[in-house]
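The shown structure was predicted, so the numbers you read here are calculated from the model rather than taken from an experiment. All heavy atoms count here, side chains included; hydrogens, waters and symmetry mates do not. Along the sequence shown, the residues carry numbers beginning at 1.
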Amino acid sequence: ERDMVQTMKAITKWGKKACRSIGLESPLQKQECDEELLRIFGYLNDHFEHAPYLMGSMPCAADASVLGGLLSHFLHDPAPKKRLSGFFHLIHWAREQETRHVFQMDTFTTTTTTTTQPPLLPVYNDISSVPLVFHQMLSEMNKTLCPFVKANAKALQAGNRSFVMERYGETVSLRTRPTVEDSRRALCLFLGKSLLDPLERAKFDQLLDTYPNIAAVYSPHEHCSKL
């Protein structure tokens with residue numbers, strides 16, 4: 001029992017330190033962050049009421065990312081699990097994917113062990129045809145995530161270990177996150193290599209025009225590698 005108490009104290013101490021490092025000390029920051037997460041999960045819950053995957057009838061990298069967070073943390077740990085208990089469609093979707101092992105490589109193999117290509121994802125010819133859930137999530141990213149990513153990148157380029165920014169109407173201090181910048185650069189590079197076709201690049205730029213903060217940090221153009 002004494003060991004358990006000591007472990008709980010250590011976890012609590014670590015948790016408070018982690019919250020300080022990402023600027024979640026004030027009641028306002030905690031409330032706004034909580035509400036933002038619930039909005040995002042609400043968008044996903046509404047989407048999975050009528051759609052099997054984020055982009056249509058086949059899973060993609062975005063589905064894997066959402067599922068990983070749900071199964072490893074949000075639907076596993078007691079506090080977030082309780083908060084998400086009312087998102088029935090989202091929970092059902094996650095548990096169904098977990099049971100089906102849909103993201104395993106052997107899902108797309110035949111009985112003769114010959115690898116086959118999964119059906120192509122739907123082609124969206126303009127931004128109005130992109131699923132609503134993507135616009136909802138991009139809007140959330142544009143408001144809070146991307147200003148943080150940009151400020152984090154500039155602080156790292158300046159050699160700083162922390163930086164100050166405005167978030168949810170308050171000035172907050174945050175520690176720099178090298179992994180966030182590594183991910184940003186990797187995604188920019190991936191987009192630049194994936195969008196070689198001028199028409200596809202134009203469609204992507206049209207989508208980003210709606211979300212200027214996302215365009216500023218995740219553009220596939222060369223200048224995005226360094227802000």
With the side chain counted from C-beta on, respond yes when Arg184 and Asn152 share a heavy-atom pair under 4.5 Å apart, and no when they do not. no

Taking the side chain as every heavy atom from C-beta outward, state whether Val164 and Leu174 have any pair of such atoms under 4.5 Å apart.
-> no

### Task
Evaluate side-chain contact (heavy atoms from CB on, under 4.5 Å) for Trp93 paired with Asp63, printing each intermediate quantity in order.
CA-CA 10 Å; Trp93 176 82; Asp63 293 281; 3.6 Å; yes

Exercise. Under 6.0 Å from the NZ atom of Lys81, do we count more than 12 heavy atoms belonging to anything else shown?
Worked result: no

- Item | Close side-chain approach of Tyr211 and Cys146, heavy atoms under 4.5 Å | no

- Message: Does Tyr53 form a ring-ring contact (aromatic ring centres under 6.0 Å, His included) with Phe48? I'd like the steps, not just the answer.
- Response: CA-CA 7 Å; Tyr53 296 104; Phe48 289 129; 7.8 Å; no

The reported gap from CE in Met55 to SG in Cys60 (rounded to nearest 0.5 angstrom) is 6.0 Å

Tested for side-chain hydrogen bond (donor to acceptor under 3.5 Å, both in side chains) against Tyr43, the lone hit among His135, Gln136, Glu140 is Glu140

### Query
Distance-only, no hydrogens or angles: does the Arg201 side chain make a donor-acceptor pair with backbone N or O of Leu195 under 3.5 Å?
yes

Distance col, row Phe88:CZ vs Asn45:CG, nearest 0.5 angstrom, shows 8.5 Å

> Are Ile22 and Val172 joined in one hydrophobic group, where the rule is that I, L, V, M, F, W and Y side chains link up if heavy atoms are under 4.5 Å apart?
Replying inline: no

- Side-chain heavy atoms of Leu54 within contact of Val66, under 4.5 Å: yes

**Report entry** Side-chain donor or acceptor of Thr176 paired with backbone N/O of Arg161 under 3.5 Å
**Finding:** yes

Closest non-hydrogen contact found for Pro52 with Ser57 is CG-CA, 4.0 Å

- Near Arg39 CZ, under 6.0 Å, is it more than 12 heavy atoms from other residues, nucleotides or ligands? yes

In one Ile/Leu/Val/Met/Phe/Trp/Tyr side-chain cluster, 4.5 Å: Phe190, Leu207 | yes

task: Evaluate whether atom NE2 of His73 has more than 12 neighbouring non-hydrogen atoms of other residues, nucleotides or ligands under 6.0 angstrom away.
output: yes

Sequence neighbours excluded, the answer for side chain to side chain donor-acceptor pair (under 3.5 Å) partners of Asp197 is none

Is the backbone of Pro147 close enough, under 3.5 Å, to the side chain of Asn213 for a donor and an acceptor to pair up by distance?
no

In short, Ile214 meets Asn142 closest at the heavy-atom pair N-OD1, 3.3 Å

Output for pair (Phe87 CZ, Leu75 CG), nearest 0.5 Å, gives 11.0 Å

Applying side-chain contact (heavy atoms from CB on, under 4.5 Å) to Glu32 and not counting sequence neighbours gives Leu28, Glu35, Tyr168

Interatomic distance, CG@Leu70 vs CG@Leu44, rounded to 0.5 Å, equals 7.5 Å

Check: Is Phe41 reachable from Leu24 through a run of I, L, V, M, F, W or Y residues, each pair having side-chain heavy atoms under 4.5 Å apart?
Finding: no

All heavy atoms of Ser162 vs all of Ala155, minimum pair found to be O-CB, 4.3 Å

Between Ser26 and Glu170, the two heavy atoms sitting closest are OG-OE1, 2.7 Å

- Can you list the steps and then say if Glu181 with Arg185 is a salt bridge (charged side-chain N to carboxylate O under 4.0 Å, His left out)? CA-CA 6 Å; Glu181 176 60 3; Arg185 292 189 176 218; 2.8 Å; yes

Are Ile40 and Met137 close enough that some pair of their side-chain heavy atoms sits under 4.5 Å apart? yes

Check: Lys82 main-chain N/O paired with Ser85 side-chain donor or acceptor under 3.5 Å:
yes

To the nearest 0.5 Å, atom CZ of Phe204 lies from atom CG of Leu191 at 4.5 Å

*For His50, does the NE2 atom sit with more than 12 other heavy atoms under 6.0 Å from it, leaving out its own atoms?*
yes

**Message:** If we ignore hydrogens and angles and just use 3.5 Å, is the side chain of Arg177 paired with the main-chain N or O of Ala153 as donor and acceptor?
**Reply:** no

### Query
Among the clusters formed by ILVMFWY side chains lying less than 4.5 Å apart, do Leu67 and Leu37 turn up in the same one?
yes

Output for pair (Met141 CE, Phe148 CZ), nearest 0.5 Å, gives 12.5 Å

| said: side-chain contact (heavy atoms from CB on, under 4.5 Å) for Leu38 and Leu84? Distances and angles first, verdict last. | reply: CA-CA 8 Å; Leu38 290 176; Leu84 297 184; 4.2 Å; yes

| Are Leu189 and Val217 grouped together when hydrophobic residues (ILVMFWY) are joined by side-chain heavy atoms under 4.5 angstrom apart? | no

Item checked: Lys203 and Glu200: CA distance, side-chain angles, deciding distance, side-chain contact (heavy atoms from CB on, under 4.5 Å) verdict -> CA-CA 5 Å; Lys203 290 179 183 179; Glu200 292 300 315; 3.8 Å; yes

